[in-house]
Protein chains: 2
Amino acid sequence: MKVLIEDIRNKFSLKGLKITPQRVVILEAIYKLNNHPTADNIIEYIRELQPNIATGTVYKVLDTLVENGLIKKVTTDKDVMRYDGIIENHHHLYCSECDLIEDYKDEELDKLLHNHFKNKKIEGFKIEDIVLQIRGTFNKC
Amino acid sequence: MKVLIEDIRNKFSLKGLKITPQRVVILEAIYKLNNHPTADNIIEYIRELQPNIATGTVYKVLDTLVENGLIKKVTTDKDVMRYDGIIENHHHLYCSECDLIEDYKDEELDKLLHNHFKNKKIEGFKIEDIVLQIRGTFNKC
DNA sequence: TTCTTATTAAAGAATAATTCTCATTAAGGA
DNA sequence: TCCTTAATGAGAATTATTCTTTAATAAGAA
C-alpha cells in the first residue's frame, strides 16, 4: 500500500490533532501493516524508525486515533486488541486455523442487510452499523 | 431462566467430561447470568455457593467448556472476555452507550445470508459460520 | 523568528485479566 | 473399595494495557 505522509498529516489537521512524529509513524504503520496489527506488531514495526518511542505512547496514540475515527478496533476472542486502518464499513473473515483476519467488502450484501433492517425494526434498539464476523478457513491455512 | 442441574450433568457426560461441582456451578452460573458474563461476573456469582473456588479453576473450566462446545466466547472491543451459554447460531446487539450485549435471533435474516453466500462464494475461503455484530443504542440507555 | 502555553511524549511503576506451576484432592472405572 | 488420572486450590508469574510524573515539543501569537 502506498502511504503518503502528507495525507496522514492532513488527516490529523482535519481532526484538529497536533501533528507529532509519533502519531504520524503509528498511523503510517497501521496502513502499511495491512492485516489488523496488534499494538505489539505496531511497536515492533516502528522501532526501526523511532527506536525510542514509549509503549505507553503507542497505546495513547491508538486511543486517540480510535476516538477521532481515524482507525477502528477489531474485535477478537483473544485478549489482544487489534486495529484496522480502514474506516469505511466492511466485514471481516476470521480464520479458525490461524490469527489471520481479512477484510471483506460486499456491496450487494450491504444492500441486502440495509433492506432487511429497513423493514424489520429491532424493538427498542436503534442500529448504527453492522459488521459481519465470518468465521471459516482460508485454503492456504 | 430455569436451569436443571441434571441437564447440566448430562451435557458433561455426553462430552465425556468429568462431572465436578465446580464445572456444574460455573455452567449453571452462565445460564443464570444471561447477559454474557465475564469471568469476574461468574466468580462473583458463584462465590456464594462455592466460596473456595479458585480463580484459575474458573478460567480453566471456561476454556474446557468452550473447547467442548458447551459455551462460546463473545468478541468485544474491550480486553475482558465474555461468555455465551447459547450455542445455537445467533447474532448480537452491542450497545454503544453501555456494556450491554443482547442476543438477536432472526431466521429470516439467516435464510437471506445463507442464500447470499450459496451463490456468492468467497475466493479461497470456506465459511463455517456468520455472526452479525449489530452496534447501536438501546432506548433504555 | 522567537516566545508562550497547552498538549504530548518518555520512562517506568501500577493494574487487571489471564495463565502457569505444583502439591493436593476427588471422579469414575476396575 | 481402591487405583489411576484428571481436576482443583493457592498463589506466583505473565501479558497487555493504563497511569503518573516529569520533560519535551507543536503550533499559534507576538
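So that the names make sense, note that chain A is the first sequence line, chain B the second, and so on, each numbered from 1.
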N-O pairing of B:Lys140 and B:Glu102 below 4.0 Å: yes
Nucleotide of D:dT8, C:dA17, D:dA26 approaching A:Pro21 most closely (side-chain heavy atoms): D:dA26
Spacing between A:Leu62 atom CG and D:dA16 atom P, to the nearest angstrom: 14 Å
Which residue lies more 5' along DNA chain C, comparing B:Ile19 with B:Asp63 via nearest heavy atoms: B:Asp63
Spacing of B:Asp77 atom CG relative to D:dT17 atom C1', expressed in whole Å: 14 Å
Lys/Arg N to Asp/Glu carboxylate O, B:Lys120 vs A:Asp106, below 4.0 Å: yes
D:dT8 phosphate, OP1 or OP2, under 4.0 Å from B:Thr20 side-chain N/O: yes
A:Gln22 vs D:dT25: side-chain N/O to OP1/OP2 distance below 4.0 Å: no
Distance in angstrom units between B:Gln50 CD and D:dA7 P, rounded: 17 Å
Carboxylate-amine/guanidinium proximity below 4.0 Å for B:Lys111 and B:Glu107: no
Separation of D:dT17 C1' from A:Lys78 NZ (nearest whole Å): 18 Å
A:Tyr59 OH to C:dA10 P, straight-line distance once rounded to whole Å: 15 Å
Among C:dA10, C:dA17, D:dG9, the one nearest A:Ile53 by side-chain distance: C:dA10
A:Glu128 atom CD: more than 12 heavy-atom contacts under 6.0 Å: yes
Listed nucleotide nearest any side-chain atom of B:Lys18, set C:dA17, C:dG28, D:dG9: C:dG28
Contact under 4.0 Å: A:Thr57 side-chain N or O vs C:dA10 OP1/OP2: yes
A:His90 and A:His36 aromatic ring geometry - parallel, tilted or perpendicular at 30°/60° bounds: parallel
Nearest-angstrom distance from the residue atom CD of B:Glu44 to P of C:dA17: 12 Å
Closest to the A:Val61 side chain, choosing from C:dA9, C:dA10, C:dG28: C:dA9
Interatomic distance where CG belongs to A:Leu17 and C1' belongs to D:dG28 [whole Å]: 16 Å
d(CG, A:Asp40; P, D:dT14) in whole Å: 17 Å
Residue A:Arg23, side-chain atoms from C-beta onward, closest of D:dT17, C:dT8, C:dT19: C:dT8
